[in-house]
Q: 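This structure is in structure tokens; I'll ask about it shortly.
Atoms within each ligand, like the ligands themselves, are counted from 1 in listed order. Worth knowing before you read on, the calculation uses all heavy atoms, side chains too, and leaves out hydrogens, waters and symmetry mates.
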Amino acid sequence: MCGIIGITAGAAVAGGEPPGGTTPGVLPTLLEGLARLEYRGYDSAGLALTGPGGLWRARAADGTRSLEDLAKRAEHGPDGAVAGIGHTRWATHGRPTEGNAHPHVDCSGRLALVHNGIIENHVELADALLADGHRFTSETDTEVLAHLIETELAGHPDGGLVGAVRAALGRVRGAFALAAVHADDPEVVVAARRVSPLLLGVTDGAAFLASDIPAILGLTHDFFVLDDDQVAELRPGSVSVVSLADGSPVEPVPLHVEWDLDAARKDGYDDFMSKEMHEQPKAVADTLLDRLLPDGTLVLDEVRITNAEFRAVTKVFVVACGSSYHAGLMAKYAIEQWARLPVEIDIASEFRYRQPVLDGQTLVIGVSQSGETVDTFQAVREADRLGAKVLVITNVVDSSMARESDAVLYTRAGPEIGVAATKTHLAQITALEVLALYLAQARGTLSVAAARGLLAAMGRLPAKVEAVLARADEVAEVAGACRDSPSFIFLGRHVGYPVALEGALKLKELSYLRAEGFPAGELKHGPIALVEPGTVVVAVATRTPVWEKLVANVAEVKSRGATVVLVVEEDDQETAGLADHVLWVPATEHLFSPVVDVVPLQLFAYSLARLHGLDVDRPRNLAKVVTVE
Ligand code: M6R
């Protein structure tokens, strides 16, 4: 859940070369990288530097202001740092205090370490280390790693830091991406990974590591992906990787990334969420790009499943969390209608613990923007273990889930920094619908001509999304009219139901207001008891096959005093007449309509959060990538 970064730039920097030259400065690189990693967690931040003066550490725990504080403290840091590591934290073990902030140090104060993940056997390890005389200063699981490495280094100094890290990790259970520095060998940064993501980069005179691409994107476009159970040693201008198990050399997997740094910045918008909502037409268009060969065959990105295996599929499971789960719900209708396959959608954290019935003819689709969400990652691993075919839809090339699957379809949305999923969500719905067509084609349930026609219709989605975004000011006015309501109910039927769920999730995560989504037909079985004057009911009232029934449900809440906000197709005055406020959208073929209809609900949640003076990019208690269970 946390973000880590590391750099070694060696003597060139220590010798006084200015930051921003060919060799980047250690401290500015760490601070800038941490700022770009904050979406992974922001309750505290810290860094450690090594150089001629030994090891220096600074930490700050002031929520969203942690980085500001850290930068101030770093002004009093040492001159001539040659390497450093940094961390931005989302608390799991131990409260978000300065004492629990990373880096953690060993008893000597000469070794510092940052960690993302969870050490499951930390209690038993800490007991043994305490018995050996180690002193602990935090409540975290991470600190055991610093003391374990200290012990191994003292016992086997010949193996150096890499050997000590390997030996220490041989004793832990759990997930980790970590980076360590030691004052005795100040130019070296050692990194290791199991489950939690870690990337490396090398330039002339420097080497870097980070949990995620944007942190070091300004330094290089060429990365190496550290794999599970690998340990890397970074020196200025070089990286070497070995296996954690036996220390044998490993060739790391190269990864070239086209994104430029601007893509990871705000581009003049007030916040990342706004920028990312406005990038949605491009995200949808890019996800559709080059999906059709001249002979009408559809194309995924990586396929290690044969056509015969696709044809043999008898059942589909979709596993995902949050907005990705809603994208799965939206696509269920298309997969069932076009490919004539039964589809079950599962919350990933529930799936793996309920003995799902899977076999070699089951296709399990893991949907995850980050490709690192541990619940989804472990769910698809479980599906793989049970013999199912695993296909992953993700936005991050070579993410953990992408690498472990049988097939991948990438959402080409670019980096998403705002914690609330927006452009990646639209790209996920798009990708899932492309997949529905792919399955239908493989199974022969849809002709080439029909699939081509549907894909062409999808090609018109970006313009429709653009049209909704152009009405952002109107949506803000509707939000203004609802700003004092304490309670919101979102309704939809058919594909409008998951759209309603997503609208409610966006509102609650951004504005901290009570917001629940329901299938409109379910209202009279309980939720209608919540409706009273002052309740705002937002309903997706576009012309799905059950539009008539939906408007009947709307009449039920209106007669009980609710303020009614309707998502209505342009020119549909009949439906608009039922609403107190209207969110207009272009008419869209109903199976594709979630891509368009969810956009005014994003804008609505965004506007309400801004009206309440809240930080839309960093809602409280949330992190962008959830790598803990
Ligand atoms: O990276 P993932 O798509 O696996 O993330 C899943 C959820 O954590 C994510 O969609 C979350 O619900 C967002 N905050 C929604 O805006």
Q: State, yes or no, whether a side-chain contact exists between Thr140 and His115 at a heavy-atom distance under 4.5 Å.
A: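 Side chain of Thr140 against side chain of His115, heavy atoms only: no contact under 4.5 Å found.
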Q: Parallel, tilted or perpendicular: which describes the rings of His256 and His221, with under 30° parallel and over 60° perpendicular?
A: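 Because their plane-to-plane angle lies in the 30° to 60° range, the rings of His256 and His221 count as tilted.
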Q: Atoms of ligand 1 less than 4.0 Å from Glu509 heavy atoms?
A: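 Result: 13 (C), 14 (N), 15 (C), 16 (O).
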Q: For ligand 1, which atoms have a heavy atom of Thr373 less than 4.0 angstrom away?
A: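 So the answer, numbered in order with elements, is 1 (O), 2 (P), 4 (O), 5 (O).
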Q: Return the closest protein heavy atom for atom 8 (O) of ligand 1 as residue, atom name and distance.
A: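 The closest heavy atom on the protein side is Val626 CG2, 4.1 Å.
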Q: Heavy-atom contacts with Ser324 under 4.0 Å: which atoms of ligand 1 show up? List them by number with element.
A: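 Close to Ser324: 2 (P), 3 (O), 10 (O).
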Q: Can you name the one residue among Asp229, Asp227, Asp228 that meets side-chain hydrogen bond (donor to acceptor under 3.5 Å, both in side chains) with Arg194?
A: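 Running side-chain hydrogen bond (donor to acceptor under 3.5 Å, both in side chains) over Asp229, Asp227, Asp228 with Arg194 returns exactly one hit, Asp229.
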Q: Any nitrogen or oxygen of Ala421, side chain or backbone, less than 3.5 Å from one on ligand 1?
A: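 Yes.
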Q: Give yes if a backbone or side-chain nitrogen or oxygen of Thr376 is under 3.5 Å from a nitrogen or oxygen of ligand 1, and no if not.
A: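 No, since none of the N or O atoms of Thr376 sits under 3.5 Å from an N or O of ligand 1.
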Q: Below 4.0 angstrom from a heavy atom of Ser323, which ligand 1 atoms are there? Numbered from 1 as shown, please.
A: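 Counting atoms of ligand 1 from 1, those under 4.0 Å from Ser323 are 10 (O), 12 (O), 15 (C), 16 (O).
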Q: Of all the non-hydrogen atoms in the protein, which one sits nearest to atom 7 (C) of ligand 1, and at what distance?
A: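 Minimum-distance protein heavy atom for atom 7 (C) of ligand 1 reads Cys321 O, 3.7 Å.
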Q: Could you identify the single nearest non-hydrogen protein atom to atom 12 (O) of ligand 1 and state the distance to 0.1 Å?
A: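 Result for atom 12 (O) of ligand 1: Gly322 CA, 3.3 Å.
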Q: So, does Lys423 use its side chain to make a donor-acceptor pair with the main chain of His278 at under 3.5 Å?
A: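 The answer is no, because no donor-acceptor pair under 3.5 Å joins these two groups.
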Q: N/O of Ser368 under 3.5 Å from N/O of ligand 1, yes or no?
A: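 In this structure, Ser368 places an N or O atom under 3.5 Å from an N or O of ligand 1.
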Q: Taking heavy atoms and a distance under 4.0 Å, where does Lys506 meet ligand 1: side chain, backbone, both or neither?
A: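 The answer is the side chain of Lys506.
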Q: So does Ala413 get a backbone contact from the side chain of Asn395, meaning a donor-acceptor N/O pair under 3.5 Å?
A: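 Flag set: sc Asn395 to bb Ala413 pair under 3.5 Å.
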Q: Looking at ligand 1, is there an atom of it that comes within less than 4.0 Å of some heavy atom belonging to Val419?
A: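 Within the 4.0 Å threshold, so yes.
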Q: If the condition is ring-ring contact (aromatic ring centres under 6.0 Å, His included), which residues does Phe208 pass it with, not counting sequence neighbours?
A: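 With sequence neighbours excluded, Phe208 shows a ring-ring contact (aromatic ring centres under 6.0 Å, His included) to no residue whatsoever.
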Q: Testing Glu502, Lys506, Gln280 one by one against Gln602 for a side-chain hydrogen bond (donor to acceptor under 3.5 Å, both in side chains), which residue passes?
A: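 It is Gln280; the other options fail the test.
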Q: Can you sort out which atoms of ligand 1 are near Ala420, meaning under 4.0 Å from one of its heavy atoms?
A: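 Here the atoms of ligand 1 in question are 16 (O).
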Q: Is it true that Asp301 and Arg291 make a salt bridge, defined as a side-chain N closer than 4.0 Å to a carboxylate O?
A: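 A salt bridge links Asp301 with Arg291.
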Q: Counting non-hydrogen protein atoms only, what is the nearest one to atom 1 (O) of ligand 1? Give residue, atom name and distance.
A: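 The answer is Ser370 OG, 2.7 Å.
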Q: Test of understanding: with side chain to side chain donor-acceptor pair (under 3.5 Å), list the residues that count as partners of Asp384, not counting sequence neighbours.
A: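 Listed in chain order: nothing, the list is empty.
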